[in-house]
Each structure stands twice: as C-alpha cells, then as structure tokens.
Amino acid sequence: MDLPADLQQLVRHRSGRARPIAELEAELAAGTRALPDGRVWSALSRTEQLRVLDGHRLAYVADAPVNWCPGLGTVVANEEVTADGRSDRGNFPVFKRNMRQWLMRITAYADRLIDDLDTLDWPEPIKIMQRNWIGRSHGARVRFPTPAGDLVVFTTRPDTLFGATFMVVAPEHPIVDALVPEAWPDATVAAWTGGAATPGEAVRAYQRAAQAKSSVARQEVNREKSGVFTGSFATNPVNGAQIPIFIADYVLMDYGTGAIMAVPAQDERDWEFAEQFELPIVRTVRPPEGWEGKAFVGDGPAMNSAFLDGLGVDDAKAAMIAWLEEQGCGEGTITYKLRDWLFSRQRYWGEPFPIVYGDDGVARAVPDSMLPVELPDTDQFSPRTFDADDEFSNPESPLDRLGDWVEVRLDLGDGAGPQTYRRDTNVMPQWAGSCWYELRYLDPTNDQRFVDREVERYWMGPDPTRPGHPGGADLYVGGVEHAVLHLLYARFWHKVLFDLGHVSSSEPFYRLFNQGYILAAAFKDEREIYVDATAVTEQDGAYLYEGRPVTREFGKMGKSLKNAVTPDEMYDAYGADTLRIYEMSMGPMDASRPWETRAVPGAYRLLQRVWRNLVDEDSGELRVAPDGTTASEETARVLARTVDAVRADLDGLRFNTAIARITELNNHLTGVAAAGGISRDVAETLVLLLAPLAPHLAEELWERLGHASSLAFEAFPVADPALLVADTVEVPVQVNGKVRARVSVPTGADAAVLEAAARADARIAEQLAAVTVRKVITVPGKLVNFVVG
RNA sequence: GCCCGGGUGGUGGAAUGGCAGACACGGAGGACUCAAAAUCCUUUGCCGCGAGGCGUGCGGGUUCAAGUCCCGCCCCGGGCACCA
C-alpha cells in the first residue's frame, strides 16, 4: 500500500511544511563544487550536512525523559505511577530517566496548528485548549553573565527586568555543576543553604529529591516552594546588580530555557519563593490604587525602571527588547509550550518502525516497496523484566526477543546490495492509527493507496463555495478528552500528508462536536489506584474491594477507571429505538451525567403512544381518519410549530428538545385520535419527524401507512410559514419587574397599543392607581414593564 | 497546581438579558376493571387557609429586568503529553 513516504525521509521546511529529505539534501549539495582533480569541495562538511539534516527530520531520535520501571520491564505512563513513585501494577519502583526515543517534530507545525484553528467550525473552548497547549508566547531571551558563562532565560515579561532580584534554574540544568563553588560565599543567607555545609552537598541533595517527583506534582503552586542557593551570582544586565542563582523544581527543564529570571513583584510563584527565602522584592509595575495583593500581574505604568518608567506593559516590553538587542544581551523571541511528540513504544502491539540499522549503527529507511513492515507472529508478548531496583537497566521490548525477525537480509536499493540489518524494535503509539483512520474509512478496500485521490477530494476536499474552507470531515463527534492530544496529533499528521500532496484537505475535521460523558461510579483503593467497579460491594454505606475499603467517585466510563457498563440489558428489555430515544432525551448531547435508567419507561411510553395513535392495538389495523379528512386548524398549527422547532433542533444537534417537541405533538394527537382519528397527512409528517430518532418504528409505521419504499428517501418535513404566525400574542405585564398580569394583543402591536392594553387590565390599573409611573418599558411581542416609585 | 466545562424542583433536564421549571421520570387523586396490570384524565418548585411571599451552588455588582453579563468564592467533571 502506498502509505505516505516513509517518516524518516521527511524533513520540515523553514516555513514548517514537510517535504522529502532528498530536496534538502540537494539544497545542501548545491553548495558543493567539483574540483579539477576529481575531489569534491563542499561548503559544509558531510558531518555538518548530516547535522543540518538531523535538525530538520520530522522523525528523529533523541534523549527524552520517561518513567522507567525495571520490575515491569517497560516504560509507564504518568497515570500508571502512584504518588510515591511506584508502578500501579506490581508496585515496583519507577525511575524518571532519559532514554533514546523516536520523536516527531510537531513543534515545527506549531504556528500552523494555532493559526489554522481560525478556519475550523469547532467549539471555542476546544480551540482555546489547543492554543493554550501549544502555548505560543512572545517574549525575549536574555543573557545574564555568571561565573560559569552566560545563563540564558526566556521571559514573557522583559519589561520587568529591573525587578529581577534572583534567578532560578531547573535542578537538571546543565549549567548547575559549573555554578557550584567550593564553599558558601559571604553573602549567603541561612535559609538558602538547605542546612548543607557546602553548596555542592545542598545542590546534590536537592537534585535527588526533585528527580523523584513527577512534573505534575512539581507544578502544584499550592505546595510550599522549595529550592537551594547554588552559591553563585549572576549580573542583571540592565543595572549590573549581583543576584543570587537558585535551583528549584518549580522551574521545568523542558519549557523555555530551563532557567528564569525571578521577578517577585510581578509573578506569584516568584513572590512566594522570595518571601520564603528572604529575597528582595522590587515593584516595576505600579499596581492600582488600594492594591493589597502581593504580586501584581496586570497592566500598569512601569516604575523603578529607568528608561521604561511610565510606559504601559506592552510599550515597555517593546522598548526593553529594542534595548536588549542594541546592547547585544538579548533579543525578542517566541517560545512554545508544545513539545515534540514522543513516538516510540517498547511494547508488542503497534506498528513497527520501518527502520533498519547496518553494522555502522546508522538508521536506514526500509524502501517503499517493502512497506508496510508487519508485526511478527509470536505468543511472547511480555517484555523482559529486571531487578526492580536496577535503575540503569535498559528495556528489551517483546520484538527484541524475536531474533529471526530482528536480523534481516535486505537489498535496500542503495547500491550496497543485499546486506544483513537489524530492525528497529520500537513500535508506534496507538495515536499513529487514530491520526488517519478517517482517511482509510473513505476507501477501506483499496490495496494501491491508503485512499484514492479522487475519493479523498470528494469527501474531504475544501468546499469551493465557502471561502477559506480547509476541507476535512463534515462532522466529527467525539469526547472533549481528545481536545489536545488526539485532535492535535491528527491535525499535525494530516498537515504532513497535505504538504506532501497526498490529500487535498489541510485539516482533518472541519466541524467538531464534543458529546458529554456517560459517567459511572468508580472506586479507588488506598494507593489512589482504580479497582474493578463490578467487584466492589457496598456495606453500611461504605464500599469494599477484596475486603478493603475503597472510595467512590463518578467518572467517564472506560478502562482507565475500570467502571464500564453496557446498555445491553436495556436493549434486550426495550429495543434499540427506546435505547436511542432515551439516550438522546436524557439531556443535551454535550453534557455529562451518570448512567441512570429510571426514566427509561418514559421513552418507551412515547413510542407506544405514537404506535397506538396510528395503529389499532386489538386489530393491528391502521386507524387514521378516512381519506379526504383534513386536520383542524389547531392541529395544523401545532404540527407546523413542531416541524419548525424539530428542524432547528436537529440542525443544532439538540436531540433532547426535538424529542420533547415531538412528545408535545403526540400528546396533542392523542386527543385527536380519540376524537375520530388523525388525518393521513398529519400521521405521515409525525412519522417522518420521528424517523431519524426512532428509525425502526418509523419505518414500520411508514409501511403500514401504505408505502412500498423506505422513508429514508423522503424529504424531511417543512413547516408552512403561514401557520407559524399567530393572530394574537399574550404578553406579560410587569410592575417593577414582577409579573402582575398577562394581556392578549394583536401580533405586531406597537409600544403604544401594548401599553394601552396593559393599562386597561383591571389588576394593573389597580396597581398603578396610587403610585407614580416613572418609566414604561415596552418590548413589542415580549412584555410591558411599569417602573413605579 | 495549570487549562477547559458545569452547578436550575424529589430526579434527568427546558429557557436569543424579557412570564424560571418546556418535556419526561417519580409522587398524589380520579376514570376504566370483580380485581390487578396496562391505558386515559387531573394535579404536582417551596412556604402560606388566603392575599401574598421566597426561589436557578455561595457572597457582591451592573440593569427597568439576571439562570443568562461582571467581580470574588465553594463544589463537581474532563485534560495535563506512554490509557487511547
């Protein structure tokens, strides 16, 4: 199958677009000249060329921090690690450690992933979540001279540089070792040392403690700030002040540069740290009059900042960036929170990497003709396990054990002829499949391409009638839990395919709707790990699992919380239509609620009532009114209003209110049926309205109404506009905002008519008799409000 | 902790800043029945005999008018990069 050109062969363009690696190689080679003696002169050495190429590869290998669990022999997810740093399964120690991993350079697409959100019909909160996740922030890089060389920080607030009274670097920062002197300098405050005799001891102890914490735990602002002084000072480039450098775990190595300038007066975390470590606080933005808070993060005039004084935050930022660039000690820059995508897994199930290694250890792509690389057959799915405390053991995935699969003799077509290679034994994450399944669904039996070009263009291509339409699936319904991971990965993947010309759409999902969750009780044991909900018993209001107490909460049904229940019982008892109607009528589709089946008879009753209104229960005969009978005006109006409302509700995916409108119509028709039967046109409209919601019942009734073909081919009903307009309308009359009467006025009555009608009402006249009317608010068709005093 | 969403009767929920509680579940009463189920009808936010008053998580605010807008809290759910 022609899956997109191999990952390893792709690089990003300067603009962030993907392109084949051959193009970049050619570009690099263009700086190459053949010398008369047959040698080749190149502007870049081959090593340099490779370094450039590697810096652009879309898929690349790098060291990345992971949770290594030797006792299980696998890397585990943060959620599988307990609060005390052990594995959920087996309770083995887990070590946070760097390992060689494949990554995808999604960061190269950061700008497009943000900017193209504007072309999508997605819920605004999801767009906000994606923007926050990518976390584009404009700021500056600033170099602070230190005894160990320049310490570079990224800040979004260069305007506050005069208020930087200390610096903090991540405990893992490579500069730390070089910063630590033999002994504490004279200016050291007792609180800074962590009680250690030398900076070296203090720093090493702190680094060990930080390593044991997860990154989520480290960002908890609530907990007490911790850190130690490195023993060195940096020079604040704007005023030459000597400011102490700390290490603290609230600064993360993988965001920005892993180091910050701390400005306590304008950052809450820095303020807290400053208070705890008795560090100076200098305000550089004047807080509003009467400000009693601590750090002030809002806008205001600069102060204590020499040439910035009086400028607003935005102007001060621009002025400071200009100054930094002029002085050569910093520059304006953009950073992203988004990190590259860790793409390799050491498990069995997953797509193997189409990569082999020669004796030289260089990664080579398997040629297209040999794709896809399929998983080998085995019954050994477990990885090798190690001594639980052997932190420096290395994972051996299930594929590593399959020697005759790993060792492979291939002719890669690179001129080297058949050679023996070792396959890469990583597999791709499950996301790899969820990133393009929607494309494969378009053309699942195609054995030449992952999707035929014309098929893709037809279903996913941009709509030329809508300017700026990026293409993509017309409607994608999924849970909000996919807001940042799946939906970002899939967009990235799709854009790569788009850049390479494999698809005509630049986005995978044009309209997104987030349905809510069906929640169910879930139970946690004392380690905060979920246990199988079906095995939990209740005793005197307490919950027990295998005899031990567990705590209850409600959460999304699924395997994470081990709390899934199926609708099978309801289906067996009531059938598919009732199940559908019930689920849709429970509430708006985007709301979450616990699975609770008490109200199911209501949905069942609605369908039975519809049936009985059209079919005689005893004889099974159709019981509509004789042909030629027409609906009463009242029925015609109720019907028109229902059709109008149901249409709008279905367009907006408001199935719950659509069902309520149909229920009202049917309740009305119950009276009509009892009084002689429902006319055929009304009966048919009712059935068509119900068809999308309860298709089986509707189809059956349609046939009984005498139709030989399916109602699936019928047009959805349209309301007669004339029947939607009423002659009169009832409006509430308020006195000081409280409803005191209702009056009936002709539709379209103006303010004067409305007010006159209101004053004519006996109760209103009585209420207004003894008071002065200060103001009359009339909203035609809506209400009258007399403001009295 | 950070980002996003939510909180309305006994219950699920409805309501472009303009009559809070549509529709349904549950409850109460009635009709039909020898009886029961089913069905149909009436009724049902709370307090009050009534007139009336009070009510949309809590506390403030804007407005003639706030469930809806603003500020500050509380609680619940989703996500936090190896669950997918």
Side-chain angles (χ1 to χ4, degrees), chain A residues 64 66-67 74-81 101 106 123-133 135 214-223 250 254 269 337-347 429-431 433-434 479-486 488-489 514 516-517 519 553-556 558-561 581-582 585-588 590-594 596-603 605-606 608-609 612 617 654 656-657 659-664 667 670-671 674 730-742 774-777 779 781-788:
Chain A
V66 294
N67 302 309
T74 63
V75 171
V76 294
N78 283 337
E79 72 158 18
E80 295 172 302
V81 182
Q101 299 284 334
I106 190 173
E124 199 51 39
I126 303 296
K127 291 186 178 183
I128 292 170
M129 278 191 261
Q130 291 217 344
R131 287 190 195 107
N132 291 344
W133 185 259
S214 73
S215 70
V216 172
R218 283 174 54 170
Q219 287 172 76
E220 276 181 28
V221 162
N222 237 9
R223 74 188 169 82
Y250 77 98
D254 46 22
R269 292 162 304 181
K337 276 209 195 80
L338 184 68
R339 307 202 296 261
D340 276 337
W341 177 12
L342 185 69
F343 197 69
S344 48
R345 301 289 185 270
Q346 294 77 44
R347 304 185 184 216
Q430 302 303 313
W431 307 108
S434 65
V480 68
E481 77 272 25
H482 295 303
V484 284
L485 297 183
H486 164 57
L488 206 59
Y489 294 149
N514 293 123
Y517 302 116
L519 307 177
E553 61 188 58
F554 281 90
K556 183 181 67 151
K559 51 182 186 274
S560 292
L561 306 192
I581 292 276
Y582 173 64
S585 65
M586 285 165 81
D590 57 2
S592 296
R593 66 191 67 74
E596 191 275 306
T597 59
R598 272 186 297 171
V600 175
R605 255 173 241 162
L606 167 65
Q608 287 179 316
R609 284 171 180 162
R612 280 197 302 269
E617 268 199 294
R654 294 183 299 269
N656 56 327
T657 48
I659 290 167
R661 297 288 88 80
I662 292 173
T663 305
E664 281 177 298
N667 288 347
T670 300
E730 193 177 70
V731 298
V733 183
Q734 300 178 335
V735 177
N736 279 350
K738 288 189 190 301
V739 178
R740 298 299 179 185
R742 289 178 178 82
R774 294 184 187 282
K775 197 171 175 184
V776 183
I777 312 280
V779 184
K782 286 288 184 192
L783 62 27
V784 183
N785 185 16
F786 292 98
V787 183
V788 303

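Remember, predicted model here, so these are calculated numbers, not experimental data. Every chain is numbered from 1 and lettered A, B, ... according to where its sequence line falls, protein lines coming before strand lines. Because only heavy atoms are used, hydrogens play no part in the values below, and waters and symmetry mates are left out as well, while side chains stay in.
Look at A:N785 and you won't find any side-chain N or O under 4.0 angstrom from OP1 or OP2 of B:C19.
Here A:S344 lies in heavy-atom contact (under 4.0 Å) with a base. Looking at heavy-atom distances under 4.0 Å, A:R742 makes contact with a base. At a threshold of 4.0 angstrom between heavy atoms, the contacts of A:E124 with the nucleic acid are absent. Residue contacts shown for A:P429 are absent, as no nucleic acid heavy atom lies under 4.0 Å away. Using a 4.0 Å heavy-atom cutoff across all strands shown, A:K127 reaches no nucleic acid atom at all. The residue A:R654 sits apart from the nucleic acid: no heavy atom pair falls under 4.0 Å. At a threshold of 4.0 angstrom between heavy atoms, the contacts of A:N514 with the nucleic acid are absent. As judged by a 4.0 angstrom heavy-atom cut-off over every strand, A:S585 is placed among residues making no nucleic acid contact. Among the protein residues, A:I777 comes within range of the nucleic acid bases, having at least one heavy atom under 4.0 Å from a base atom.
B:G10 and B:C47 have their P atoms separated by 9 Å, with the value rounded to a whole Å. With P as the reference atom, B:U11 and B:G61 are 30 Å apart, rounded to whole Å. Comparing the P positions of B:A36 and B:G29 gives an interatomic distance of 13 Å, to the nearest angstrom. When the C1' atom is used for both B:G45 and B:U39, the distance is 29 Å, rounded to whole Å. Taking the P atoms as reference points, B:C71 lies 39 Å from B:A24, given to the whole Å. For the P atoms, the distance from B:G67 to B:U8 is 14 Å, rounded to whole Å. For the P atoms, the distance linking B:C25 with B:U33 amounts to 25 Å, nearest Å.
As the counterpart of B:C80, B:G1 is assigned, both hydrogen-bonding distances of the Watson-Crick or G-U wobble pattern falling under 3.5 Å. For B:C69, the paired nucleotide is B:G61, the pair qualifying as Watson-Crick or G-U wobble because both relevant distances are below 3.5 Å. Using Watson-Crick or G-U wobble geometry with both donor-acceptor distances under 3.5 Å, B:U42 finds its partner in B:A28.
Atom NE2 of A:H486 and atom P of B:C80 are 14 Å apart (whole Å). The interatomic distance linking A:Q608 (CD) with B:A37 (P) rounds to 16 Å, in whole Å. One interatomic measurement links the two molecules: CZ of A:F786 to P of B:C64, which rounds to 17 Å at whole-angstrom precision. Atom P of nucleotide B:G77 and atom CG of A:D590 are separated by 18 Å, given to the nearest angstrom. If you measure from atom CD of A:E617 to atom C1' of B:U39, you get 8 Å, rounded to the nearest angstrom.
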Protein proximity profile, nucleotides 25-31 of chain B - base contact B, sugar-phosphate-only contact S, no contact -, cut-off 4.0 Å on heavy atoms: SS-----

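A:Q101 is linked by a side chain to side chain donor-acceptor pair (under 3.5 Å) to A:S344, A:Q346, counting only residues two or more places apart in sequence or in another chain.
In this structure, B:G61 shows a glycosidic angle more than 90 degrees from zero, which is the anti conformation.
With hydrogens and angles ignored, a donor-acceptor pair closer than 3.5 Å exists between the side chain of A:Q101 and the base of B:C82.
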